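Note that this is a predicted model, so its numbers are computed, not measured. Numbers restart at 1 for each chain; the letters A, B, ... are given by sequence-line order, proteins then strands.
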There are 4 protein chains.
Amino acid sequence: MLRTAMRVFAEEGPEVSLSRIAQRAGVGAGTVYRHFPTKEILIEAVLAKHVEGLVSAADRWTAQATPGDALFGFLLEAIETSAGRRHFCDLLPTGQGWPLAVLTAAARRFNEALERLLRDAQEAGAVRADIRTDDLTALTVGGMALRSAHRDRARGTRLVRLLLDGLRPPCRRRDYWGGHPRHRRHEILHASRSVP
Amino acid sequence: MLRTAMRVFAEEGPEVSLSRIAQRAGVGAGTVYRHFPTKEILIEAVLAKHVEGLVSAADRWTAQATPGDALFGFLLEAIETSAGRRHFCDLLPTGQGWPLAVLTAAARRFNEALERLLRDAQEAGAVRADIRTDDLTALTVGGMALRSAHRDRARGTRLVRLLLDGLRPPCRRRDYWGGHPRHRRHEILHASRSVP
Amino acid sequence: MLRTAMRVFAEEGPEVSLSRIAQRAGVGAGTVYRHFPTKEILIEAVLAKHVEGLVSAADRWTAQATPGDALFGFLLEAIETSAGRRHFCDLLPTGQGWPLAVLTAAARRFNEALERLLRDAQEAGAVRADIRTDDLTALTVGGMALRSAHRDRARGTRLVRLLLDGLRPPCRRRDYWGGHPRHRRHEILHASRSVP
Amino acid sequence: MLRTAMRVFAEEGPEVSLSRIAQRAGVGAGTVYRHFPTKEILIEAVLAKHVEGLVSAADRWTAQATPGDALFGFLLEAIETSAGRRHFCDLLPTGQGWPLAVLTAAARRFNEALERLLRDAQEAGAVRADIRTDDLTALTVGGMALRSAHRDRARGTRLVRLLLDGLRPPCRRRDYWGGHPRHRRHEILHASRSVP
DNA sequence: CATGAATGAGCCTTCATTCAT
DNA sequence: GATGAATGAAGGCTCATTCAT
């Protein structure tokens, strides 16, 4: 049933009614409730399961690849397998507001795994030194959104790679952004305000 | 009233009830319905307004900066001003499922502006040649998600810049991704499947 | 199991779910249903058991005390042991709406016992002659309510005794109520109607 | 609508569904909700209204009758007009567990009125000196139950009067209860325990 | 014969939408 | 044209009842 719930959530968004889920699982509404006393708990169970899968993936990558490849491989895999799960986007950065213990535990393990991967990759010189774990989290979320936003799977993946490449140590690249002269910065601010 | 609706949506999420909006606008519920016969139509109007703002911004950047700066400046501004508007994320890539003509029109104008900016930047050599307009759309969505995912505004913006830098022409960088030997690719797929 | 049901009903009110009862009885929900095909039937069984206890008590008092003491002792005991059982209050007066035969039988036996006690007490001159069996029933219900309504157990019991004393033959007491002059009676009616 | 709710509650008990009430009021379910955001709030409103009526009645009796008549008249009236309202029985003694301020306020005013009536009646010598306000409350509840338990209105009222007469100063009556010899008391206890 | 998972009707509550004033 | 009370269809949740194991 958890399987079905995951599928239905992924396909129809986190706002499907429990009865719809029950229907697609081929059971009565009360049955879902027997296993997950609350809709929120069901969502959390789904998320926790997914996060657990990611933690396993992190471990697998750690064991089977060089530090750099491990980090990049894992991030790409996490993004690819999580794309389209709006819950997940909402969950990852905060890890808060979710009462279920199992979920916060899973989120913690996820962050620890991410931290290990990042540290190793940085020590191996495969990743810029100024990146932090929560940057990776945000990047993952962004990657997921980006990935889901592209109609074309292959191109989406290519873009995600481009995105991740931003983590690699820079190659004699000037800072395109810091150099904006004062007046242009002002324009940005002005523009920002002008957009309703 | 549209103003109020935009503010309320931004502040309280896209799930506020219409009565709440009416309340905050200081009018009766019926009055909102006089202007926007459906909640969906109201949402679309809000989105369309926002998109119009972005189109104006695109025009402004086109007029006031070099092609490269214009594209990057515009994308950054679009991301910064749109961050947190979940509707927007859902809207941009597909442009579908939204019945209102005014919105598809706005979306089209937005895409045209984006296309112009991209073409100019590419002709100026400021952006990789293999980028397409829908890549930019996806990138924008990803940037918005990334941006919202970071608790720390400043770091969030820095990451968005990293993300956008991926568009710039590569500096003699080997392709980190294509080189994966066959068996590792297989592992990725395998892993992907194993994540629930 | 009937024991457990009685305890649970007394402790948690008549609205406990059957699963709760099954749980506290240490059996499966289905097992409860094997013995009591319906929740209502279970409730009736509980009530019948309680009524049976009261009938035994009536017999005991009949055998062991003078007619007057027997009636008063029994009524007090019935009230004290029944206080707080809302079902019981609902049941006693009507005896209706309860399909189960065993219950109406028990109620009949209870009324017969009460009738015997009353007749004997009246013949002994210990109780007013104008009291009828259904008065006693009503009085019992009132006593139970009164008894449950008092926070203070001891005072509650004292009040119940006051209540029961009303049954004893009057001591040259004028009728406080009959003497109301006509216009005041009208006021009472008027007032009654005016209370919503 | 409050009227209808009061009637329906009185007729069908406090457990009627809101939809039933709406149905009998001839309105949609949502309409009830508009006026009473919660079922509990509706119940409280009904109760408060009734209690207010009783407070007015208390004032009327105070103004129009001698202290003794006022107390007895009021109690009789309160019992007669409240009979059958199970809510009311549950409310009166505790006054707690009801979140709505308006209700606790009404309950407080009711108790104050009762206290005044009692004090005056006691000073006039029309009521035993050892009666306290909470005795009256309990007595009222008991009277209501008693009153509802009798099929025959007239006899019910007569019994209630008997009940209330217990409040009047005793006429050289021995204490029928205190004199029980020890062994009989033991029997009562034994009996109590023996009733399941 | 016991078990407890499954069922589904029903309850309270919410809210988009309509319409008399 | 504006108002906000009324509507009624869902949604989440509970629980008496059934039935395969």
Side-chain angles (χ1 to χ4, degrees), chain A residues 1 4-5 12-23 25-43, chain B residues 1 5 8 12-44, chain C residues 1 5 8 12-44, chain D residues 1 4-5 12-23 25-43:
Chain A
M1 160 146 42
T4 306
E12 313 197 15
E15 320 217 333
V16 263
S17 69
L18 273 207
S19 10
R20 179 97 182 86
I21 294 177
Q23 190 188 46
V27 300
T31 306
V32 176
Y33 185 79
R34 159 169 288 276
H35 294 288
F36 307 96
T38 288
K39 192 185 187 185
E40 196 171 34
I41 289 179
L42 170 58
I43 293 182
Chain B
M1 161 147 43
V8 177
E12 314 195 16
E15 319 218 332
V16 265
S17 68
L18 270 210
S19 4
R20 179 98 183 90
I21 295 175
Q23 188 190 47
R24 293 215 18 191
V27 301
T31 308
V32 176
Y33 272 85
R34 175 156 301 281
H35 295 284
F36 308 98
T38 287
K39 193 186 189 185
E40 195 171 35
I41 289 179
L42 170 58
I43 291 181
E44 292 189 342
Chain C
M1 160 148 45
V8 177
E12 313 196 15
E15 319 219 334
V16 264
S17 68
L18 271 209
S19 2
R20 180 96 183 89
I21 294 176
Q23 188 190 48
R24 293 216 17 192
V27 301
T31 307
V32 177
Y33 271 87
R34 174 157 304 279
H35 294 284
F36 308 98
T38 287
K39 193 186 189 186
E40 196 172 35
I41 290 180
L42 170 59
I43 292 182
E44 291 189 342
Chain D
M1 160 145 41
T4 307
E12 313 198 14
E15 319 216 334
V16 263
S17 70
L18 273 207
S19 11
R20 179 98 182 85
I21 294 177
Q23 189 188 48
V27 301
T31 306
V32 177
Y33 185 78
R34 158 168 288 277
H35 294 287
F36 307 97
T38 287
K39 192 187 188 185
E40 196 171 34
I41 289 180
L42 170 58
I43 293 182

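To the nearest 0.5 Å, atom CZ of residue C:R34 and atom OG1 of residue C:T31 are 7.5 Å apart. The CE atom of A:M1 sits 8.0 Å away from the OG1 atom of A:T4 when rounded to the nearest 0.5 Å.
Side chain of A:R34, nearest nucleotide from F:dA2, E:dT3, E:dA6: E:dA6.
Atom CD1 of C:I41 is separated from atom C1' of F:dA16 by 13 Å (rounded to the nearest Å). F:dC15 atom P lies 16 Å from atom CG of C:L42, rounded to whole Å. Remark: C1' of F:dG4 and CZ of B:R20 are 17 Å apart, rounded to the nearest angstrom. Atom CZ of B:F36 is separated from atom P of F:dG1 by 15 Å (rounded to the nearest Å). Atom pair D:H35:NE2 and F:dT7:P shows a separation of 9 Å (rounding to whole Å applied). Whole-Å rounding puts the B:Q23 CD to F:dT3 C1' distance at 14 Å.
Each of D:G26 and A:T31 lies near DNA chain F, and the nucleotide nearest D:G26 is the one positioned closer to the 5' end.
For D:A22, the side-chain contact (heavy atoms from CB on, under 4.5 Å) partners at least two apart in sequence or on another chain are D:V27, D:V32. Qualifying side chain to side chain donor-acceptor pair (under 3.5 Å) partners for D:T38, counting only residues two or more places apart in sequence or in other chains: none. Remark: D:E12 engages D:V8, D:V16, D:R20, D:R24 in a side-chain contact (heavy atoms from CB on, under 4.5 Å) (not counting sequence neighbours). Remark: C:P37 pairs with C:I41 by the side-chain contact (heavy atoms from CB on, under 4.5 Å) rule, at least two apart or across chains.
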Output one line per pair: protein atom, nucleotide atom from nucleotides 16-20 of chain E, and distance, for all N/O pairs under 3.5 Å.
| residue | atom | partner | partner atom | Å |
| --- | --- | --- | --- | --- |
| E:dA16 | OP1 | B:K39 | NZ | 2.9 |
| E:dA16 | OP2 | B:L18 | N | 2.7 |
| E:dT17 | OP2 | B:Y33 | OH | 3.1 |
| E:dT17 | OP2 | B:K39 | N | 2.8 |

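The minimum heavy-atom distance between A:A5 and A:L42, with the atom names listed, is CB-CD1, 3.9 Å.
Within the 4.5 Å cutoff, the side chain of D:L18 has no heavy atoms near those of the D:F36 side chain.
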State the dot-bracket string of DNA chain F. Criteria: Watson-Crick or G-U wobble, both atom distances under 3.5 angstrom; notation: ( ) intrastrand, [ ] crossing earlier pairs, | interstrand, . unpaired.
.||||||||||||||||||||

